[in-house]
Amino acid sequence: VPELPEVETIVRGLAQTLVGKTITRATVLLPRVVEPDAKRFSRALAGERVTAVGRRGKFVLIVLASGRRISVHLRMTGRLIVGRGAAPETEPYARVILELGDRSRLCFADARTFGRMRLLGPGEEPADGGLGIEPLSEDFTSESFNSMLDGRSTPVKVLLLDQRRVAGIGNIYACEALWRAGIRPSRAAGSLSRPSRSRLHRAIREVLAEAIALRGTSSRDYVDADGVRGGFQNKLSVYGRDGEPCPRCEHLIVRTVIAQRGTWWCRNCQRR
Ligand SMILES: [Zn+2]
């Protein structure tokens with residue numbers, strides 16, 4: 001599932017190819033992946049011009065001249081492909097096609113169809129429950145993070161995954177940040193010391209920034225808007241590496257389950 005660095009990479013690619021283009025026609029091939037219903041979705045988009053492409057948490061946001069936005073959540077297997085060849089005939093999992101004024105197309109393809117494309121009115125937010133702070137924004141300070149943890153008995157890893165608190169962190173970067181900070185993932189968030197909280201705050205920002213610089217982590221499905229794989233999968237310290245030696249202390253990395261999610265960590269050097 002693409003997390004903040006992967007979505008940011010996709011957004012940067014889309015911004016280069018989509019901004020300034022007009023949507024001449026929207027064709028919905030699988031109605032249940034769009035909101036509102038396919039007819040209203042298609043009608044509203046015809047004639048709209050793309051003014052910007054941005055990101056909020058794990059959502060891609062395509063900003064339109066009218067002030068409306070299209071939010072896209074890629075979930076497991078969703079992809080956004082731009083080009084002249086992006087058509088139902090060449091993309092077997094095409095679910096939505098936006099035809100653009102220059103004869104190119106934006107295709108939303110999704111094999112498992114968990115992804116969603118949603119038309120948002122002005123001021124409407126992409127997630128119904130609201131989204132928390134952007135971890136790479138200036139608002140995400142050591143102090144704001146500290147108060148987020150205060151008094152919380154939730155395992156710190158579960159808190160990091162809660163999109164209503166910090167938006168964009170998923171399983172990969174939660175595991176990696178906790179390893180960097182030397183913190184046990186199941187530790188109650190509110191029980192962490194001030195220095196541990198600061199270390200974790202810094203680790204979150206560092207790991208996300210490094211992953212963006214390498215264009216994200218490529219698992220089986222993720223490629224960016226240009227079909228290019230990321231490079232951060234070669235830099236992962238613990239995620240997906242159970243049975244391998246910890247890069248810091250050489251004890252074997254373990255996989256445990258916290259709140260139904262696989263969690264990779266080092267029992268030896270993540271004791272805080
Ligand atoms: Zn270790």
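Counting starts at 1 for both ligands and their atoms, in listed order.
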Practice item. Give a yes or no on whether a salt bridge exists between Glu91 and Arg79, defined as a side-chain N under 4.0 angstrom from a carboxylate O. Key: yes
Exercise for review: Pick out which of Trp265, Trp264, Trp179 makes a side chain to side chain contact (heavy atoms under 4.5 Å, CB included) with Pro185.
Suggested key: Trp265
Practice item. Assert yes or no for the condition that the ring centre distance of Phe140 to His201 is strictly below 6.0 Å. Key: yes
Check your understanding: Under 4.5 Å between any side-chain heavy atoms of Ile62 and Arg69, yes or no?
Key -> no
Review point. Excluding sequence neighbours, so at least two apart, what forms side-chain contact (heavy atoms from CB on, under 4.5 Å) with Glu35?
Key: Arg118
Review point. What is the ring orientation for Phe232 with Tyr173, classed by angle as parallel under 30°, tilted 30 to 60°, or perpendicular over 60°?
Key: tilted
Exercise for review: Output, by chain and residue number, all protein N/O/S atoms separated from the Zn ion (ligand 1) by less than 2.8 Å.
Suggested key: Cys246 SG, Cys249 SG, Cys266 SG, Cys269 SG
